[in-house]
Amino acid sequence: MYKLLQDMNIDNKKVIVRLDLNVPFKDGNILDDFKIVQSLDTIKYLMDKNCKIIILSHLGKVKSEEDKKKNSLEKVAVRLKELLKSNVIFSKQNDVEELKGLVDKINPKDIILLENTRTQDFPKKRESGCDLKLAEFWASLADIFVFDAFGTSHRRHASTYGISKYLPTCIGLLVQKELEMLNKNVINAEHPFTIIMGGAKLDDKIELMNKLLPKCDHMLLTGGIANTCLAVIGFQTGNSLRTKTPEITEQVKFMLKKYKDKIMLPFDVIVGNTYDDKFIDQKNVSEVEANEEIKDIGIKTINIYKDIINNSKSIFVNGTVGLYEDNRFANGTREILNILSNSGANVIVGGGDSASATRNLGYADKFTFVSTGGGATLEYIIKERMDALEDEETTEDIEVL
Ligand code: 3PG
Ligand code: MG
C-alpha cells in the first residue's frame, strides 16, 4: 500500500528523512538510544546509495522558549555520529537559502540533522498544526522524502504528512518492518493468539481492546486496566489506579459480558497501603481493603497466565503488568517477560511503556519484535493505516470499503 524505499530510484539524490529520534533524556544525557539504533538501517541504506541525507525529528513537546533549549537534538547528533562512525552535521539553521547552500556543499553520504521540528511549535504551532508553508520549506531541500518515524506515524504534522504533499514519498526500512510485524503477528496473527494488556488507563485502550477481542483467543488483563474491570464487576479495589468515568463503566460491563470466555482477570494481587509505604501483602482480589492499592499481580495469577501463554502461537503485549519501576512490585512484569521469552511463541511488544520495561529488564533480544511506537502502534492496529501519510478524505474511503 505504501511505496517502499527499495522501489525508489534514489542513487545520488538529496533525500529528506523523517525519523523518530524522540529518545528519553535524564540529567541532559540520553537514557536509552533504542530509537536511534532502530533508525540506522535506513540511514545506512541511503549512504550506500550515495545520497545526501537530511534528517528531521521531533523531541518532546515545545511550548516555550525554554523548551526549545531543553529539547535540542544536539546530543542526538553526537550519538548518531558515534553509531554511524560518519559525518553528521547538526544545524539549527532556519534560512532556506543558507540550508540549500549547506546541502550543496556536503558530500554524498554526509548527513545533516536539523534541529527539533517542534521548535517550530512556538510561538505558533507550525509543525503540529501542519503548516504547509513549513512543509514546503523542508521539501525544497531535497528530491525525495523517506518517512521512517513509526513512533509518530499517527500524527499529521508538517514534517510528516506535510512534506509528503510536496515530494515523491516512500516509507523507510523501520516503518516497513513495523508494519510487516504488526500485520503478520497481530492483525493477522496465527492462533492460538493471546493478548496481554496492562498499563494505567483503560479509557486510552478500550477501543483497541474492542478491536482486538474478536481476533484473539485470550486477553489477559493486568495493571490499571485490570483494576478498572475488577471495580466494575464489584470488587473492592481500594485506592488502586483505575478509570472511574461512568461512560467507561458501561462500556467495560458490556465488553466483559460479551467476551467473558476470552478475558481473564487477576485472581491474586500484590497490594501496598496508601498510608503506610512499608506495607506490602499478597492476597486474593476478594480480600483487598479500602486503604490498599493493587500494584502487581500475584503468584497464582502468574501461573494461570503462564499456562495460557505456553499454549499460544502468537502473543501481543501492550502495557506493563505492575508498577515495575518499584522493585517490590516488579515481580509480575519480570515473571511474565520470562515466561514469554521461554514460550516459543511469536511475541510482539508494542506500546512505549512495555517496550521500555522489556529493554530495562534485559528482554529486548528475546522477542520476535519490540516496536518503537507507543500510541502509533495502537492506532495502526485500530486503523490499519498511518495518518501521517494519508489524506483525511482518502482514509474515510478506505474505511467504507
Ligand atoms: C513517542 O515517543 O511517543 C513518539 O515519539 C511520539 O511522540 P509524541 O507523542 O510527543 O507525538
Ligand atoms: Mg507519545
Side-chain angles (χ1 to χ4, degrees), residues 17-26 30-40 42-43 55-64 66-68 70-73 75-77 79-80 113-122 125-131 134-135 146-164 171-172 174-175 177-179 181-182 198-201 203-205 207-208 317-320 348-360 364 369-383 385-390:
V17 191
R18 176 57 158 97
L19 301 176
D20 174 7
L21 303 177
N22 183 26
V23 291
F25 274 80
K26 195 175 178 198
I30 296 172
L31 202 57
D32 178 358
D33 65 3
F34 177 65
K35 285 182 176 176
I36 308 177
V37 171
Q38 295 296 89
S39 302
L40 296 177
T42 292
I43 303 174
I55 299 176
L56 292 174
S57 174
H58 70 288
L59 180 67
K61 306 228 181 346
V62 175
K63 294 181 175 157
S64 62
E66 186 63 12
D67 287 347
K68 285 189 187 177
K70 207 178 71 198
N71 294 338
S72 170
L73 281 171
K75 292 232 164 111
V76 173
R79 185 76 190 115
L80 200 54
L113 173 65
L114 295 184
E115 182 57 296
N116 181 1
T117 53
R118 291 188 185 162
T119 53
Q120 301 287 343
D121 270 350
F122 187 82
K125 283 193 175 288
R126 297 186 74 206
E127 156 72 329
S128 50
C130 199
D131 178 340
L134 178 61
V146 178
F147 177 74
D148 211 21
F150 181 72
T152 194
S153 63
H154 55 320
R155 309 227 186 268
R156 207 175 264 132
H157 288 177
S159 67
T160 63
Y161 176 83
I163 301 179
S164 78
I171 57 172
L174 176 61
V175 167
K177 177 134 193 229
E178 294 266 4
L179 302 190
M181 286 292 154
L182 293 176
K201 287 174 30 217
D203 39 348
D204 283 350
K205 306 270 177 84
E207 193 186 353
L208 177 78
V317 184
N318 182 267
T320 51
I348 303 289
V349 182
D353 287 348
S354 31
S356 328
T358 302
R359 291 197 305 283
N360 293 342
F369 191 66
V370 179
S371 175
T372 55
T377 314
L378 310 189
E379 294 236 8
Y380 181 74
I381 295 169
I382 292 169
K383 299 178 177 169
R385 60 174 163 78
M386 299 183 291
D387 281 351
L389 295 183
E390 305 271 358

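Note that this is a predicted model, so its numbers are computed, not measured. Whatever order the structure lists them in is the order used to number ligands and atoms, beginning at 1. Along the sequence shown, residues carry numbers from 1.
The shortest N or O to N or O distance between Thr152 and ligand 1 is not below 3.5 Å. By the 3.5 Å distance cut-off applied to N or O atoms, Asn22 is counted among the residues near ligand 1.
Salt-bridge annotation for Asp387 and Arg385: present, with a side-chain N of the basic residue lying under 4.0 Å from a carboxylate O of the acidic one.
At a 4.0 Å heavy-atom cut-off, ligand 1 touches Arg118 through the side chain alone.
Contact atoms of ligand 1 toward Asp20: 4 (C), 5 (O) (distance under 4.0 Å to a heavy atom of the residue). Proximity to Lys61 (heavy-atom distance under 4.0 Å) selects the following atoms of ligand 1: 8 (P), 9 (O), 10 (O). Atoms of ligand 1 lying under 4.0 Å from at least one heavy atom of Lys35, given by number and element, are 1 (C), 2 (O), 4 (C), 5 (O). Less than 4.0 angstrom separates some heavy atom of Arg155 from each of these atoms of ligand 1: 8 (P), 9 (O), 11 (O).
Side chains of His58 and Arg18: a donor on one and an acceptor on the other come within 3.5 Å.
By the salt bridge (Lys or Arg N to Asp or Glu O under 4.0 Å) test, Lys125 is found to be paired with no residue, residues two or more places apart in sequence or in another chain being considered. Applying the salt bridge (Lys or Arg N to Asp or Glu O under 4.0 Å) rule to Lys70 yields the partners Asp67; only residues at least two apart in sequence or on another chain are considered.
Both the sub-6.0 Å distance and the 45° axial angle are satisfied by Arg359 relative to the ring of Phe34.
Summarising the geometry of Ala158 relative to Leu134, their closest heavy-atom pair is CB-CD2, 4.0 Å, with the distance given to 0.1 Å.
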